[in-house]
Amino acid sequence: MTNLRHLLIIGLASIVLFLSNCKHEEKAVNKPVRQVQVPAFNADSAYFYVQEQVDFGPRIPNSTAHRQAGDKIIQRLKAYGASVKVQEFEATAYDGTRLQLRNIMGSFNPQARKRILLATHWDTRPWASKDPDDPQAPFDGANDGASGVGVLLEIARQLAAGQPPEVGIDLLFFDGEDWGEEGGNNFDSWCLGSQYWAKHKGNYAAYYGILLDMVGGKNARFPWEGYSRKMAKNILRKVWTQAADLGYSRYFVPRKEGAITDDHYYVNTIAKIPMIDILHWEPEAGYFGTWHHTRQDNMAIIDKNTLKAVGQTLLHVVYYEEP
Ligand code: AHN
Ligand code: ZN
């Protein structure tokens, strides 16, 4: 009898052990521990790339500086091991000027099916149209143009340097964003590069996209921009949560703001890729900073801490993305 009872107890214990093991394993399958090494974004390096763009001179379409600055982006992407595609096209601006433009894409892990698209514009506005003293003058566009280029090129360097993320990454540099008609409702006069790209992207697909526009300014705040909220709410939540985890809530503020026609609008509506906009917002100055589209948009307003907050957040987001 004791033997039988023994057997029963051993049997029951085995069943309990077996079941608890099963449960354990199930958990492990559902929630694997991801060993992700996220590289450290180097703000000095990003700042150097911003300066490098500015040093070419204003990157006004059809100018020599514009061509040279675009060539430099291509050269750096290739040096960091990206496969580069250049989309050359002509667009007519609202004032009738015919612009020779180039969208530049650098792809990492090009065979990966799941892809994240990171974008910015690289051209600068031809005139400092909001400059109180000289609204015809060209200007550096250190923040409005070069800052996004600096962040994306530093991300490219980091992708090349260490263990790459499991997803594919595409870095897209839009041309012809800033030759738009200021004031009034001619919104489609802006963002000529992204409009062209969205209409001619072929079979390109991405899981989602993140646009950078003016991401190097002192006192930058990035709000929940209107179209981003409407068209890619979950991406907005993902990025702002990651920024908060890294201690960057000072920059990535959880605050609803108005909708801005920017490159992401056309990626959302024409290319049908959900894309958010990380966009400079300065409540003390209306929406954009007082430097916006003035000669004050030069290296003096660029802050490495802002570049770091944006770049490190993006690296974390893409490295933690499941394949
Ligand atoms: C409009 O003003 C309609 N969109 C702003 C896009 C822009 C210009 N971003 C930087 N410069
Ligand atoms: Zn602009």
Side-chain angles (χ1 to χ4, degrees), residues 50 53-54 57-61 63 65-66 69 91 93-95 97 99 101 103 118-131 134-152 172-198 209-217 220-223 225-231 257-270 275-282 285-298 301-302 306 310:
V50 177
Q53 286 286 301
V54 167
R59 281 80 64 215
I60 302 168
S63 71
H66 179 254
Y94 77 93
D95 60 3
T97 312
L99 310 177
L101 303 176
N103 293 326
L118 306 178
T120 191
H121 77 93
W122 68 275
D123 63 304
T124 56
R125 184 159 180 77
W127 338 269
S129 47
K130 295 200 283 188
D131 194 294
D134 193 353
Q136 301 291 330
F139 66 107
D140 290 346
N143 205 12
D144 194 358
S147 66
V149 175
V151 169
L152 291 192
L172 179 52
F173 300 78
F174 289 125
D175 204 350
E177 188 267 357
D178 233 341
W179 199 303
E181 187 170 14
E182 208 154 50
N185 299 319
N186 193 2
F187 298 122
D188 289 346
S189 64
W190 303 87
C191 306
L192 300 177
S194 52
Q195 291 189 57
Y196 185 90
W197 183 83
I210 301 174
L211 177 68
L212 310 182
D213 192 9
M214 305 181 280
V215 290
R221 264 153 288 178
F222 307 116
E225 178 275 336
Y227 290 124
S228 310
R229 269 190 284 133
K230 196 171 152 194
M231 300 177 192
E257 271 297 325
I260 302 287
T261 306
D262 207 345
D263 293 316
H264 72 314
Y265 176 77
Y266 301 98
V267 174
N268 273 296
T269 57
I270 303 175
M275 183 181 239
I276 63 162
D277 194 4
I278 299 177
L279 176 76
H280 182 103
W281 169 65
E282 218 177 296
Y287 203 109
F288 303 129
T290 49
W291 45 263
H292 184 244
H293 292 174
T294 77
R295 289 173 298 168
Q296 302 301 308
D297 183 1
N298 55 48
I301 64 155
I302 299 299
T306 309
V310 173

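Whatever order the structure lists them in is the order used to number ligands and atoms, beginning at 1.
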In terms of heavy-atom contacts, R295 and A137 come closest through CD-CB, 3.7 Å

Heavy-atom nearest neighbour in the protein, as seen from [atom], with distance rounded to 0.1 Å:
{"atom": "atom 5 (C) of ligand 1", "value": "T261 O, 3.7 Å"}
{"atom": "atom 6 (C) of ligand 1", "value": "E177 OE2, 3.1 Å"}
{"atom": "atom 9 (N) of ligand 1", "value": "D213 OD2, 2.7 Å"}

Identified side-chain contact (heavy atoms from CB on, under 4.5 Å) counterpart of W179 within the set I60, T124, L101 | I60

Which N, O or S atoms belonging to the protein are less than 2.8 Å from the Zn ion (ligand 2)?
-> D144 OD2, D178 OD1, D178 OD2, H293 NE2

Report yes if the side chains of F222 and T306 come closer than 4.5 Å at any heavy-atom pair, otherwise no.
-> yes

How about E257 and Y287: do any of their side-chain heavy atoms sit closer than 4.5 Å?
-> yes

Going by the 4.0 angstrom heavy-atom rule, the piece of E182 near ligand 1 is neither

Any heavy atom of H292 sitting closer than 4.0 Å to ligand 1?
-> yes

Look at the rings of H66 and W122 and say which category their plane angle falls in: under 30° parallel, 30 to 60° tilted, over 60° perpendicular.
-> parallel

Identify all side-chain donor-acceptor contacts of residues 144-152 below 3.5 Å with residues at least two apart in sequence or on another chain.
unit_1 : atom_1 : unit_2 : atom_2 : d
D144   : OD1    : H121   : NE2    : 2.9
D144   : OD2    : H293   : NE2    : 3.0
S147   : OG     : N143   : O      : 2.7
S147   : OG     : N143   : OD1    : 3.1
S147   : OG     : V215   : N      : 3.0

Using modelled atom types only, decide if a donor and an acceptor are shared between the side chain of R125 and the backbone of T294 within a distance under 3.5 Å.
-> no

Numbering as shown, the atoms of ligand 1 that approach [X] to under 4.0 Å (heavy-atom distance):
{"X": "D144", "answer": "10 (C), 11 (N)"}
{"X": "D178", "answer": "8 (C), 11 (N)"}
{"X": "F187", "answer": "3 (C)"}

